[in-house]
Protein chains: 2
Amino acid sequence: MVVSMETALDIDRVFAALADATRRDIVLRAIAGEEGIAEIANRYPMSFAAVQKHVAVLERAGLVSKQRNGRRKVVRTDVEGLRAAQRLLERYEHLWRGRIDRMTHLVTNSKETDE
Amino acid sequence: MVVSMETALDIDRVFAALADATRRDIVLRAIAGEEGIAEIANRYPMSFAAVQKHVAVLERAGLVSKQRNGRRKVVRTDVEGLRAAQRLLERYEHLWRGRIDRMTHLVTNSKETDE
DNA sequence: GGGTCATACAACCTTATGGTTGTATCAATG
DNA sequence: CATTGATACAACCATAAGGTTGTATGACCC
């Protein structure tokens with residue numbers, strides 16, 4: 001049922017999923033949460049099955065989920081995976097800024113005191 | 001000097017680069033900006049050449065840069081690529097919140113996604 | 001139940017990716 | 001300038017990824 005169990009720890013899958021332009025676009029479209037796979041597939045110059053595979057990749061990465069609605073399955077973007085990736089990038093950037101801080105310290109003060 | 005030329009548009013490469021655990025780890029280590037490739041390579045259970053390739057992938061993605069220092073080349077994390085990816089994720093999340101807004105408008109009951 | 005719309009999945013092909021080893025370049029040093 | 005240390009790059013191999021077509025399941029409509 002609810003797919004959000006081990007979600008956030010499959011960082012590999014999240015980034016790999018986002019590494020494809022078609023999939024990123026699907027994530028954007030699926031934000032509306034109104035289209036079935038066929039409708040999504042119609043927008044891309046590839047087969048239905050190909051798009052289906054892309055959606056499957058996104059689903060495994062926890063970036064979208066599918067919900068039955070009549071004979072269709074509506075694809076909907078799941079915010080949790082996005083946040084996980086985002087937090088990771090923020091962490092990287094934070095550490096990097098820390099490094100700049102330290103370097104600036106050395107240049108201007110010539111001493112190594114951690115504030 | 002400044003290496004940021006076409007930076008932010010290689011989103012595919014940025015995400016693909018970050019989709020590998022070894023490479024993410026290298027990005028973290030390279031934040032210190034003090035190790036050469038050989039030193040980095042020593043930390044991983046794979047050949048020097050393999051690590052070298054990983055660094056090359058990160059470099060092509062604009063996530064790290066190499067700087068000569070004597071006979072070594074020091075690997076240093078570049079913040080620009082990280083920011084680009086982060087901004088993209090933020091944009092996704094923002095749009096998703098917009099969707100929540102719209103859904104809140106339709107506080108009727110459980111089904112019907114069409115309006 | 002038969003037809004049809006929407007999705008799932010298997011088999012297959014081609015190219016990319018992650019790893020290996022081996023060889024070449026390049027900079028410091030004796 | 002020969003040697004050594006550090007990096008670059010080519011050739012190769014195994015597996016994964018992105019695409020195709022074809023077939024099977026599932027849900028609705030008559």
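Keep in mind it's a predicted model, so treat the numbers as computed, not measured. Every chain is numbered from 1 and lettered A, B, ... according to where its sequence line falls, protein lines coming before strand lines. All values below come from the heavy atoms of this structure, side chains included, with hydrogens, waters and symmetry mates left out.
- Nearest nucleotide to the A:R72 side chain, out of C:dA6, D:dT7, C:dT20: C:dA6.
- Rounded to a whole Å, the CZ atom of B:F48 is 17 Å from the P atom of C:dA24.
- Here B:S47 reaches the OP1 or OP2 of C:dT20: one of its side-chain N or O atoms lies under 4.0 Å away.
- Contact between the side-chain N/O atoms of B:R68 and the OP1/OP2 oxygens of D:dA6 is not found at any separation under 4.0 Å.
- A donor-acceptor contact under 3.5 angstrom links the side-chain atoms of B:R71 to the base of C:dA28.
- Put simply, NZ on B:K66 is 17 Å from P on C:dT25, counting in whole angstrom units.
- Between B:E80 and B:R83 there is a salt bridge, since at least one side-chain N of the basic residue sits less than 4.0 Å from a carboxylate O of the acidic one.
- For the OP1/OP2 pair of C:dT7 and a distance below 4.0 Å, the side-chain nitrogens and oxygens of A:Q52 include no atom meeting the criterion.
- Straight-line distance from the CD atom of A:E39 to the C1' atom of C:dA6: 10 Å, rounded to whole Å.
- Side-chain proximity of A:A50 to C:dA8, C:dG18, D:dG19: nearest is D:dG19.
- Of the candidate nucleotides D:dT7, C:dA8, D:dT20, D:dT7 has the atom nearest to the side chain of B:K73.
- Atom-to-atom distance recorded for B:R72:CZ and B:Q67:CD is 10.5 Å, nearest 0.5 angstrom.
- The structure places NZ of B:K73 at 13.0 Å from CD1 of B:I40, a figure rounded to the nearest 0.5 Å.
- Residue whose closest nucleotide on DNA chain D sits further toward the 5' end, between A:R23 and A:G70: A:R23.
- One can place CZ of B:R24 at 12 Å from P of C:dG18, the figure rounded to the nearest angstrom.
- In this structure, the nucleotide among D:dT7, C:dG19, D:dG19 sitting nearest to the side chain of A:M46 is D:dG19.
- One distance of note links CD1 of B:I26 with CZ of B:R43; it measures 11.0 Å at 0.5 Å rounding.
- Rounded to whole angstrom, the span from the NZ atom of A:K53 across to the C1' atom of C:dA10 amounts to 10 Å.
- Residue-level contact check: B:A16 touches neither bases nor backbone, having no heavy atom under 4.0 Å from any strand.
- Of the possible donor and acceptor atoms, one in the side chain of A:R24 sits under 3.5 Å from a partner among the backbone N and O of A:L18.
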